**Q** 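Below is the structure I would like to discuss, written out as structure tokens.
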Amino acid sequence: MKEYNPEKIEKKWQKKWEEKKTYQAKDKSKQPKYYSLIEFPYPSGDGLHVGHPRPYIGMDVISRKRRLDGLNVLFPIGWDAFGLPTENYAIKTGKDPRVVTKKNTDIFRRQIKSLGVSFDWSREINTTDPKYYKWTQWIFLQFFKHGLAYKAKMAINWCPKDKIGLANEEVVAGCCERCGTPVEKREKEQWMLAITKYADRLYKDLDDVDYLPQIKLAQRNWIGKSEGAEIEFLLNFKKNPKDNERRGPDGKPALIKVFTTRPDTIFGATYLVMAPEHLWITLATDNNHDVLENKEEIKTYIKKVKNKTEIDRTSEGKEKTGVEVKGVVAINPATKQEIPIWVADYVLPQYGTGAIMAVPADDARDKEFAEKFNLAIIENYKKAGMEDYGKKVTKFKLRDWIFSRQRYWGEPIPIINCEKCGLVPVPEKDLPVELPKLTGKIKNYLPTDSGESPLANISKWVNVKCPKCKGKAKRETDTMPNWAGSSWYFLRYADPKNSKAFADPKKLKYWIPVDWYNGGNEHTTLHLLYSRFWHKFLFDLGLVPTSEPYKKRTSHGLILAEGGEKMSKSRGNVINPDEIVKTYGADTLRLYEMFMGPFDQAIAWSEEAIIGPRRFLEKVWKIGEKVSKQKNSSVFTLPGLPGGSYAVQNSSVSKLLNKTIKKVEEDIQDMRFNTAISSMMILATEMDKNENVNKEDYKKFLQILSPFAPHITEELWSRLGEKKSINNSTWPAWDQNLIVDDEIKIVIQVNGKVRAEMIIQSTDQEVKIKDQALKNEDIVKYIAGKEVKKVIYVKNRLVNIVV
RNA sequence: GCCCAGGUGGCGGAAUUGGUAGACGCGAUAGACUCAAAAUCUAUUGAUGGCAACAUCAUGAGAGUUCGAUUCUCUCCCUGGGCACCA
């Protein structure tokens with residue numbers, strides 16, 4: 001076997017590693033633990049494309065490096081398999097989502113395995129497995145029992161033709177993706193999780209974790225902590241003087257509470273604006289109240305606003321709309337002036353109090369609105385103190401999490417609705433509440449006409465006895481969002497087969513927190529925040545050992561198709577890794593994906609460029625042939641010293657090797673995989689040129705390459721006579737003495753422009769170097785006859801002469 | 001619109017974080033080997049001018065700070081991602 005034949009050696013080693021359980025994490029070990037984590041994939045029907053493995057390979061490099069560092073590494077994988085695409089596919093084809101999921105995970109598993117990623121497959125999990133979602137439901141019950149899961153009326157996207165609730169993604173340009181009918185908003189009772197109760201801690205504890213700065217920033221912006229004041233504006237009713245007894249339509253004192261981050265600008269507040277959804281205006285326009293002069297006009301406006309998206313409503317570019325609330329005015333507590341009240345959709349109901357004081361002199365949106373509707377703008381108004389007119393409060397943009405889906409393919413919410421007892425949790429002993437199989441007459445995965453989940457159609461499943469009073473009751477038919485299963489999956493990996501608890505506390509104590517979690521930027525504010533929330537809740541219950549789940553978080557960029565577009569089946573530009581593995585080998589694919597560009601940035605695939613990494617591996621192979629032919633002439637044993645053999649150092653290659661070991665080590669830690677590979681390419685070229693490459697040097701090279709290209713290095717390693725796997729070896733140490741150069745080339749600049757080069761000794765003093773530079777013959781002609789104002793020396797870099 | 005990331009040769013990108021812009025790879029051109037081709041090897045490869053030494057220009061655009069700016073500041077343009085029911 002002279003030629004490099006990746007197909008043969010890759011399959012061979014993958015089989016051996018599996019047999020020898022090389023990558024299985026040990027629950028008990030004297031070695032320190034290391035938990036590295038990737039976001040478990042959604043097994044879509046399109047199969048794996050070359051973008052999927054990028055983060056896996058990246059974290060695989062980290063994990064393999066950690067093993068060589070002597071750590072007990074947990075690097076697990078599973079399937080986040082509930083979700084819309086599978087459900088929609090099931091609706092279209094009538095196939096059981098379970099069958100579809102099984103098929104898809106089988107394909108994904110085979111494909112991922114073919115890349116030699118060092119996952120511990122013995123811990124594989126699947127969120128759709130009842131043994132798994134039993135615990136998702138169990139955690140939900142804990143939320144419910146602690147009052148953090150509750151029901152509330154929320155607006156959902158509703159297609160009036162298909163009569164189903166739609167995900168935001170299924171709404172295209174305001175219309176239903178399937179039938180094109182304009183989408184309406186519809187109020188529906190939804191399960192909510194009170195993530196806002198944790199807003200402060202989710203914000204503050206970011207200080208203690210090692211996330212990339214932009215990830216922290218994104219989370220902070222999302223939580224949207226702002227300090228400001230709530231100020232009460234008293235109302236004055238015009239239509240009926242009796243109303244001025246300071247009683248509003250809701251029976252409370254007639255006032256509107258606003259939230260502002262700038263209470264100091266109150267003297268400039270010339271009108272109030274309420275969100276169309278504001279409770280005050282809802283009540284004031286209903287049939288029981290008659291305080292407003294233009295109720296119908298306002299009601300028409302509110303109806304119109306209802307179907308706009310939030311982005312449309314708050315975009316500065318879009319023209320502002322609104323109506324004045326006639327028949328009532330507010331009194332500015334600072335100026336004592338009467339100011340008009342408006343309803344406008346640029347104010348959102350969820351944030352602050354759903355009402356603002358408008359200061360058009362200071363706020364761009366208020367100004368735009370005031371100019372359109374001819375409202376007063378005061379410039380040069382007096383500034384007030386922060387707490388002169390209202391009390392200081394902290395508000396968060398973060399909203400509670402809508403946790404219901406009217407879908408089939410999700411975890412059933414384990415609640416029973418009893419006519420007498422109300423919402424009753426399913427007893428823990430009855431978990432999991434399994435999804436009923438759709439058999440016999442019912443083969444329909446569509447939601448019901450009333451907008452309920454398809455589960456509502458299955459009366460046998462729905463109708464149950466109340467666990468409390470044994471009376472008639474019905475199961476909750478809403479299911480959980482796909483975010484549920486992924487909010488705690490990393491805990492399950494610590495103990496994936498446990499049937500008594502979601503995980504053994506001892507094992508959690510050993511493995512948690514996750515040491516390094518890498519994932520997509522698109523998950524920064526949802527999944528990452530949700531899972532931190534669940535983890536904190538479990539921590540408060542004493543069920544997990546840490547208040548934060550992940551010590552470190554980094555992100556990867558997407559791989560785009562050749563034109564720079566997203567890869568998708570519908571565009572027909574998907575590249576299947578199977579073909580790349582077949583043509584070039586898994587090691588080449590791995591190297592290429594790590595080499596193609598910075599790990600955290602989106603990058604376009606290029607079929608043409610893959611050949612580079614392949615040529616590099618051919619070269620590594622060639623050097624291996626050369627080295628293995630050498631007799632051990634370059635290794636000798638020093639008499640008198642125990643055991644070891646001492647290599648004769650080939651100084652130029654050895655120096656470069658030591659520099660490369662250091663560089664690769666540092667680059668892996670910072671995920672600068674592309675430059676790590678580039679430095680190894682330089683080393684390989686150097687070894688290839690050199691007649692006598694020391695065997696020990698070459699083996700060190702194989703070791704530092706092995707996290708990137710595990711198959712070829714394992715093969716070459718064993719050919720050099722090593723009996724143990726390269727995985728069980730130790731990362732080579734670099735020698736500081738071999739890294740420092742004695743002679744250094746520096747440049748000489750005149751006025752910042754490079755004019756000459758010179759060689760200095762590393763021991764040279766600054767004065768000597770400056771003097772040498774001024775005397776340099778190329779430099780003399782540039783500075784002759786000119787006054788030297790300044791000479792700047794940057795250590796080991798340059799001398800700059802300013803004339 | 002708001003928030004985030006980015007814009008460097010023909011292409012992907014590098015630049016020790018203020019210190020030689022273009023490492024490494026792809027592609028291209030020429031040569032070696034070959035009957036020939038492929039593969040491989042060697043050399044060249046930012047632009048302009050010049051026989052050459054060399055000079056000038058050049059990191060999205062414009063300004064600023066500095067001995068020195070791809071890097072820092074300001075203004076603007078463009079691309080990608082997120083915006084709460086996609087995963």
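Throughout, protein chains are lettered first and strands after them, A, B, ... in sequence-line order, and every chain is numbered starting at 1. As a basis for the values below, the full set of heavy atoms in this structure was taken, side chains included, without hydrogen atoms, waters or symmetry mates. Quick caveat, the model's predicted, so the values are computed rather than measured.
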**Q** Suppose we call two aromatic rings close when their centres sit under 6.0 Å apart. Are Tyr133(A) and Phe82(A) close by that rule?
**A** yes
**Q** Go through it in stages, so that I can follow the logic: the residues are Tyr150(A) and Asp400(A), the test is side chain to side chain donor-acceptor pair (under 3.5 Å), and I'd like the CA-CA distance, side-chain angles, deciding distance and then a yes or no.
**A** CA-CA 10 Å; Tyr150(A) 63 96; Asp400(A) 276 347; 2.6 Å; yes
**Q** Between His556(A) and Asp600(A), is there a side-chain donor-acceptor contact under 3.5 Å, judged purely by atom types and distance?
**A** no
**Q** Check the phosphate of G27(B) against Arg615(A), side-chain N and O only, distance under 4.0 Å to OP1 or OP2. Yes or no?
**A** yes
**Q** Over all strands shown, is Pro41(A) touching base, sugar-phosphate only, or nothing at heavy-atom distances under 4.0 angstrom?
**A** nothing
**Q** Classify the nucleic acid contact of Lys397(A) as base, sugar-phosphate or nothing, counting any heavy atom under 4.0 Å across all strands shown.
**A** base
**Q** Start at the 5' end of RNA chain B and walk down; is the nucleotide closest to Tyr782(A) or to Lys622(A) reached first?
**A** Lys622(A)
**Q** By nearest atom, which of the nucleotides C85(B), C86(B), G25(B) is closest to the Met681(A) side chain?
**A** G25(B)
**Q** Just to be sure I understand the rule, does Gln190(A) reach a base, reach only the sugar-phosphate, or reach nothing, if contact means heavy atoms closer than 4.0 Å?
**A** base
**Q** Could you walk me through whether Phe490(A) and Tyr517(A) pass ring pair (Phe, Tyr, Trp, His ring centres under 6.0 Å), step by step?
**A** CA-CA 10 Å; Phe490(A) 55 93; Tyr517(A) 189 20; 7.3 Å; no
**Q** Is there a donor in the side chain of Trp409(A) and an acceptor in the side chain of Thr479(A), or the other way round, less than 3.5 Å apart?
**A** no
**Q** Using the side-chain heavy atoms of Gln601(A), tell me which of these nucleotides is nearest: A5(B), A87(B), A55(B).
**A** A5(B)
**Q** Got a minute to check which stems RNA chain B is part of, using Watson-Crick or G-U wobble pairs under 3.5 Å, three or more consecutive?
**A** B:1-7 with B:77-83, B:10-12 with B:24-26, B:27-32 with B:40-45, B:46-49 with B:54-57, B:60-64 with B:72-76
**Q** Rounding to an integer number of angstrom, what distance separates G13(B) and C51(B) when you compare their C1' atoms?
**A** 35 Å
**Q** Verify whether the ring centers belonging to Trp401(A) and Tyr530(A) lie closer than 6.0 Å.
**A** yes
**Q** Under 4.0 Å, counting only non-hydrogen atoms across every strand here, what does Glu608(A) touch: a base, just sugar-phosphate, or nothing?
**A** sugar-phosphate
**Q** With respect to the phosphate group of A55(B), does any side-chain polar atom (N or O) of Arg755(A) fall under 4.0 Å of OP1 or OP2?
**A** yes
**Q** Using a 4.0 Å cut-off on protein heavy atoms (strictly under), produce a 5'-to-3' string for nucleotides 17-23 of chain B with B for base contact, S for backbone-only sugar-phosphate contact, and - for none.
**A** --BB--B
**Q** Remember a base hit wins even if backbone is also touched, and classify Ile677(A) as base, sugar-phosphate or nothing at under 4.0 Å, heavy atoms.
**A** nothing
**Q** Side-chain N or O of Arg220(A) less than 4.0 angstrom from OP1 or OP2 on C3(B)?
**A** no
**Q** Expressed in angstrom and rounded to an integer, what is the separation of Tyr592(A) atom OH from C24(B) atom P?
**A** 18 Å
**Q** Can you tell me how far CD of Glu411(A) sits from OG1 of Thr127(A), rounded to the nearest 0.5 angstrom?
**A** 6.0 Å
**Q** Name the nucleic acid region contacted by His523(A), choosing base, sugar-phosphate or nothing; use a 4.0 angstrom heavy-atom cut-off, strictly under.
**A** base
**Q** Go through the side-chain N and O atoms of Glu3(A) and Trp621(A) and say whether any donor and acceptor fall under 3.5 Å apart.
**A** no
**Q** Indicate whether any N or O donor in one side chain lies under 3.5 Å from an N or O acceptor in the other, for His527(A) and Glu39(A).
**A** no
**Q** For G9(B), does the glycosidic angle fall within 90° of 0 (syn) or outside that (anti)?
**A** syn
**Q** Base, sugar-phosphate, or nothing: which does Ile215(A) touch, judged by heavy atoms less than 4.0 Å apart?
**A** nothing
**Q** Please report the interatomic distance CD1(Ile575(A)) to CH2(Trp605(A)), rounded to the nearest 0.5 Å.
**A** 6.5 Å
**Q** Quick one: label Arg407(A) by what it contacts on the DNA or RNA (base, sugar-phosphate, nothing), any heavy atom closer than 4.0 Å.
**A** nothing
**Q** To the nearest Å, give me how far apart CG (Leu774(A)) and C1' (C67(B)) are.
**A** 14 Å
**Q** Go through G82(B), A5(B), C86(B) for me and flag the one nearest to the Gln214(A) side chain.
**A** A5(B)
**Q** Between C67(B), A87(B), G82(B), which nucleotide has the shortest distance from any of its atoms to the side chain of Lys790(A)?
**A** C67(B)
**Q** What is the distance, rounded to the nearest whole Å, between atom CE of Met480(A) and atom P of C85(B)?
**A** 16 Å
**Q** May I ask you to evaluate whether Lys753(A) reaches the phosphate of C57(B), defined as a side-chain N or O under 4.0 Å from OP1 or OP2?
**A** yes
**Q** Hey, does Leu84(A) reach any base, or is it just sugar-phosphate, or nothing, if we go heavy atoms under 4.0 Å?
**A** sugar-phosphate
**Q** Using atom CD1 of Ile603(A) as one end and atom P of G25(B) as the other, report the distance to the nearest whole Å.
**A** 16 Å
**Q** Send over the distance from His52(A) NE2 to A87(B) P, rounded to a whole Å.
**A** 13 Å
**Q** Ignoring hydrogens and geometry beyond distance, is a side-chain donor-acceptor pair present between Gln190(A) and Gln406(A) at under 3.5 Å?
**A** yes
